[in-house]
Structure formats: structure tokens, C-alpha cells
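The block underneath contains the structure these notes are about, expressed in C-alpha cells.
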Amino acid sequence: MIRAKMANSSDFNATVPLISAEALRAEIVENPLQACWSWSTVHVCNYLLGIIISICGNVLISISLNIQKYAHVRQAQRGSKPYYTSAMWWCGVVLMGIGELGNFAAYGFAPASLIAPLGCVSVIASAVISVVFLKETVRASDIVGGSLAITGTYLLVTFAPHASTHITAHLVQYYAISWHFLLYLFIEVVLFFILLYLYKRRGVKHIVIVMLLVALLASLTVISVKAVSGMITESIKGQLQLIYPIFYVMLVVMVASCAFQIKFLNQAMKMFDATEVVPINFVFFTASAIVAGIIFYQEFEGLALLNIFMFLFGCLLSFVGVFLIARNRPKIKQQDRTFIPMDRVPGRRNTDKVQPKAKTQTYGSLAAKLMCNRAGQTDDS
């Protein structure tokens, strides 16, 4: 029964290119210039549409992050209500949802190995917005990192695989039972449980361990997101794909992998600084997305060696650029509640802190004297 299904799916996948090739050949014989132009235009338009949607989505995400950051700063200065009561913060959340939805739609038009590295656009736009609107200082590393990231993005767009495959349910099912993906999935599952054992049982709280857990989940997220987005796109075009069980299998994988990915990422943000988490997560996520696109969707098949080299070189430039932009970013300055400002004491103009430093000898001396006096009173009694 399984062999019959595999034969039917392979026959279906084999007949679709033949029909399209025969139709294209007949159209070329009738009107060669118009046929070639229309065929190439459709593929180029889909490719460019995916790039434009991804860039716009990443820009919206960067705007939303800065809006939420501004809302946090304003609420911290006022010190009255929590941040989730601010309408501006919710506006940022809505914009982030729209941006993520744009990234989700972009996977249906362009290769996954291209959409994932375009996430550096969000880092670049966030740095520009923080300088222009939040009045943060421009550093030399921001300029150098932005230049490298822009150059890397140009190389990615230019040398990435331009062939856009129509993602159907039969094609996803055919890819899912291929031997190279099953081997890749087996290695990934084994590696994931080894890292999870080190992280949970052995207590190894290294940032690479946590980020590798996020990246392994991200590879499944990319595969499932592209499958779900592609099948929805084909359904909108008229070829209904939502009736096949593989669509709902990929939908469950997408939701589950996203949930656990966010869980480990939040744990990393609590344990480590954002300047370490952001560049490492971008590098690991992009690498896992590229590998997933190569193995599952075979996106590098037939690509020239020069294109592969320049594409990887563009990824390297983007990695370095994001690292330079994200490192040593200024943090949000909040009022330190553990100290008593002298300007709030009536009759005082000195703005120094009255709380001594923890490493000095005078730290805790007042409490020690009080304890000694209390002990002496109990002895006398």
C-alpha cells in the first residue's frame, strides 16, 4: 500500500514537469519571444516578490522593536503603570505580528535559504531607527557593520538560487520520505537530545548549548513554514492543497517547533546579555535554515559553484555585520531603586549616592553597630 502511494506521488511529480514543458514548447513554437518572456517574468516576479515581502516584514519588525523599547523607557521614567497597559507597546506588538506574517508569506515565493539570511535587514533597520528616533549615539562599529551587512545582503540576493518551486502536498510528502532528509532528521534528533541532556541534567548553561537547541528547532520551523506557506499560496492560486493530511502535519510541526524555540530563546535572554544572544542566534538560525533548504527542498541543486561561493561569502559578511552592530549596544537606563538620591532629601543639593559601595569597609557598618548595641542590651537585661 505504501509503495503504491509512493508510486502515485512520484508519477504525479513526474507528470507535472512534462505537461508544463510540453505547454511551454508549444507556446515557444507559436510565439517564441512572448513565451520566453512570460515564463521568465513569472519566475522573476515571484522571486522579487518574496524578497520585497521579506524586507518589508523585517523593517516592520525593527520598527515594532523600537516602539516597544520606547514604550519601556517611557513607562520606566513615569514609574506608574506596567508596560502592557501602554497603547504604544501594543501598537508595536501588532506591527511585529504583521512583520512576522510577511516573513511567513515570503517563504511561499522565494527559497528558504534566501529568506532566512535577509533577517539581517531587521538588525540594520533597528540600528538606524534607534539612532534617528531614540537619539542613540552612532558608533564606528555600527557604520562598519551596517556596510558589511548591506554588502552581504546584496550578494545574497544576487547569487542565491532563483528557481522557485511550486510547493504542493505531493511534493512535500515526496521530500519528507527521501532518504537524505530522514538521515538528516535522525542526526538532528540525536544531537538535540544530547544537548538537552547536557542542558537539563548536567546543568551546562553555556550560550552555545542553548543557541544550538534553538537552531535545531529552527530548521524544522523553516521546513514546515515554507511547506505551509507554499501550500496556502497554491490553494489561493486555485490548486487546493488543504485537503491533504501532510498540510496539517506540517502545521503541527510549525506550531510546536515555534513554541519550544521561543521557550529556549527566552531562557537564553534571561541568562545571557542580548548583545551575545542576538548575533549568535542570527548565525545559528541562518545556518540551520540554509542547511534545511539544501537538504529538504534541494535548493542548491544545479547551482553553479561560483554562485554557491558568493552566496556563502555574502552570509559571512552579514554575520560579521550583525555581530558588529549588536555588540556592546547601550542598554535602557532605568532608575536604580536600591540607592537614595540626595536631591530628594530636603535641604540637600548633593546628587551623590548615600549607599556605600559593597567592597568598601564601611559597607554595612551601621547595621553592624545596631546589631552590637542590640546584643549589648540583651546581655544587660
Side-chain angles (χ1 to χ4, degrees), residues 13-14 16-18 20-21 24 36-37 39-52 54-55 58 106-121 124 145 147-167 171-172 174-176 178-188 191 212 215-216 218-220 222-223 225-227 230 279-280 282-324:
N13 293 321
V16 171
L18 290 176
S20 60
L24 179 62
C36 293
W37 182 84
W39 181 80
S40 60
T41 302
V42 170
H43 285 271
V44 171
C45 287
N46 288 336
Y47 179 78
L48 292 178
L49 183 61
I51 294 174
I52 292 172
S54 177
I55 291 176
N58 286 309
Y107 280 99
F109 296 97
S113 57
L114 173 62
I115 299 300
L118 288 179
C120 66
V121 175
I124 300 172
S147 302
L148 291 177
I150 292 173
T151 305
T153 303
Y154 173 76
L155 294 177
L156 289 172
V157 174
T158 304
F159 294 98
H162 292 190
S164 56
T165 307
H166 296 281
I167 304 299
L171 188 62
V172 173
Y174 175 74
Y175 286 155
S178 59
W179 68 268
H180 44 79
F181 172 69
L182 293 177
L183 179 61
Y184 169 74
L185 184 62
F186 174 76
I187 296 174
E188 186 176 81
L191 184 59
L212 280 176
L216 292 175
S219 64
L220 295 178
V222 169
I223 292 173
V225 164
K226 184 171 177 60
I280 294 178
F282 174 73
V283 172
F284 284 5
F285 173 80
T286 304
S288 64
I290 293 173
V291 173
I294 293 174
I295 293 178
F296 190 85
Y297 293 104
Q298 303 174 11
E299 293 177 347
F300 277 21
E301 186 177 4
L303 197 64
L305 185 61
L306 177 62
N307 288 47
I308 296 176
F309 174 78
M310 296 302 294
F311 178 83
L312 296 178
F313 182 66
C315 290
L316 178 62
L317 291 181
S318 299
F319 294 161
V320 176
V322 169
F323 173 77
L324 292 176

Report summary line: Between Y47 and V157, the two heavy atoms sitting closest are OH-O, 2.7 Å
Query raised in the report: Among T153, I290, L155, whose side chain to side chain contact (heavy atoms under 4.5 Å, CB included) with P117 holds?
Result: I290
**Report entry** Gap between atom CZ of F284 and atom CG of L216 - 0.5 Å precision
**Finding:** 10.0 Å
Report task. Decide if the gap between the ring center of F181 and the ring center of F296 is smaller than 6.0 angstrom. Result -> yes
Report task. Could you pull out the closest heavy-atom pair between S219 and A292, with the gap in Å? Result -> O-CB, 3.8 Å
Query raised in the report: Parallel under 30°, tilted from 30 to 60°, perpendicular over 60°: which one fits the rings of F309 and F313?
Result: parallel
Requested in this report: Any chance you could measure F282, atom CZ, to T286, atom OG1, to the nearest 0.5 Å?
Outcome: 4.0 Å
Requested in this report: Over all heavy atoms of both residues, which pair between F311 and S113 is shortest? Give the atoms and the distance, please.
Outcome: CZ-O, 3.0 Å
Query raised in the report: Which heavy atom of A149 sits nearest a heavy atom of I124, and at what distance?
Result: CB-CD1, 3.3 Å
Requested in this report: Apply the test side chain to side chain contact (heavy atoms under 4.5 Å, CB included) to residues V222 and Y107: give CA-CA distance (whole Å), side-chain angles for both, the deciding distance (0.1 Å), then the verdict.
Outcome: CA-CA 9 Å; V222 169; Y107 280 99; 4.0 Å; yes
Report task. Give, for atom CG of L317 and atom OG of S147, the distance between the pair rounded to the nearest 0.5 Å. Result -> 11.0 Å
**Report entry** Y297 side-chain N/O to Y175 backbone N/O, donor-acceptor pair under 3.5 Å
**Finding:** no
Query - Spatial distance of atom CD1 (I51) from atom CG (L114) [nearest 0.5 Å] - result: 5.0 Å
Requested in this report: Give the intermediate values and the outcome of side chain to side chain contact (heavy atoms under 4.5 Å, CB included) for residues E188 and L220.
Outcome: CA-CA 10 Å; E188 186 176 81; L220 295 178; 3.4 Å; yes
Query raised in the report: Is a side-chain donor or acceptor of E299 paired with a backbone partner of P161 at a separation under 3.5 angstrom?
Result: no
Query raised in the report: Looking at CD1 of I280 and CG of L212, how far apart are the two atoms once the value is rounded to the nearest 0.5 Å?
Result: 9.5 Å
**Report entry** Minimum heavy-atom distance between V322 and P279, given as atom pair plus value
**Finding:** CG1-CA, 4.1 Å
Query raised in the report: Has F323 got more than 12 heavy atoms of other residues, nucleotides or ligands less than 6.0 Å from its CZ?
Result: no
Report summary line: Scanning both residues in full, the closest heavy-atom pair of L148 with G321 reads CB-CA, 4.1 Å
Query raised in the report: In Å, rounded to the nearest 0.5 Å, how long is the span from CG of L49 to OG of S54?
Result: 11.0 Å
